[in-house]
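What follows is a set of notes on a single structure, which appears directly below.
Only heavy atoms go into these numbers, but all of them, side chains included; no hydrogens, no water, no symmetry mates.
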Amino acid sequence: MEKTRAPLRERLWPRRTTAEAESGATTTGETPTRTVVVERRPRRLQRRRKHNPVSAMVMAAGWAAALILALGMLLTWGDANPGNTIVDATLDAGRWLATPFHDAFTRPNPEHQLYLNWGIAAVVYYAMARVVSWLIRF
């Protein structure tokens with residue numbers, strides 16, 4: 001008993017017979033035209049889009065630093081209890097991350113000064129992570 005195989009997919013155009021293929025003639029009697037298929041290369045930026053593991057870790061570290069600083073600003077804005085262990089650890093990590101930007105701008109209100117300096121630190125950490133990650137990808 002013979003099994004007949006179903007085609008995997010439907011053809012979009014009819015298959016040429018061997019006589020047509022050898023002569024180059026078509027069924028309508030037209031002269032054959034030569035089709036040149038040019039292989040499209042991916043765009044320059046699309047080739048570099050994938051991250052290698054080191055580049056991904058650098059980006060993750062930049063995101064983590066920016067998120068810790070943003071969370072610290074949010075906790076300060078919400079008047080969170082600094083006696084809480086999680087709040088204290090987050091604010092300590094934020095203070096350590098923002099050390100290079102300590103008193104970059106001084107304001108009479110200490111909360112506004114914290115928002116400004118920590119916000120700048122978060123943007124700088126994220127931007128530096130993007131640049132270093134981009135450089136490592138090559």
Single-linkage hydrophobic cluster, 4.5 Å side-chain cutoff, Leu97 and Met59 together: no
By side chain to side chain contact (heavy atoms under 4.5 Å, CB included), Ile86 pairs with (sequence neighbours left out) Asn84, Thr90
Minimum heavy-atom distance Ala122-Ala66, with the two atoms named: O-CB, 3.9 Å
Ile120 with Val123, same ILVMFWY side-chain cluster at under 4.5 Å: no
With a 4.5 Å cut-off on side-chain heavy-atom distances among I, L, V, M, F, W and Y, is there a chain of contacts connecting Tyr125 to Leu135? no
Kindly compute the distance separating CH2 (Trp96) from NE2 (His102), expressed to the nearest 0.5 Å. 16.0 Å
Report yes or no: do Val87 and Trp118 belong to one cluster of Ile/Leu/Val/Met/Phe/Trp/Tyr joined by side chain heavy-atom distances under 4.5 Å? yes
Minimum-distance pair of heavy atoms, taken over all atoms of Ser133 and Ser55: OG-OG, 2.5 Å
Could you list the donor-acceptor pairs under 3.5 angstrom formed by side chains in residues 67-82, with sequence neighbours left out?
unit_1	atom_1	unit_2	atom_2	d
Thr76	OG1	Gly72	O	2.9
Asn81	OD1	Gly83	N	3.0

In terms of heavy-atom contacts, does CZ of Arg95 have more than 12 from other residues, nucleotides or ligands at under 6.0 Å? yes
Kindly work out whether a path of hydrophobic side-chain contacts (I/L/V/M/F/W/Y, heavy atoms less than 4.5 Å apart) joins Val58 to Val124. no
Candidates Asn109, Leu116, Asn117 - the one meeting side chain to side chain contact (heavy atoms under 4.5 Å, CB included) with Gln113: Asn117
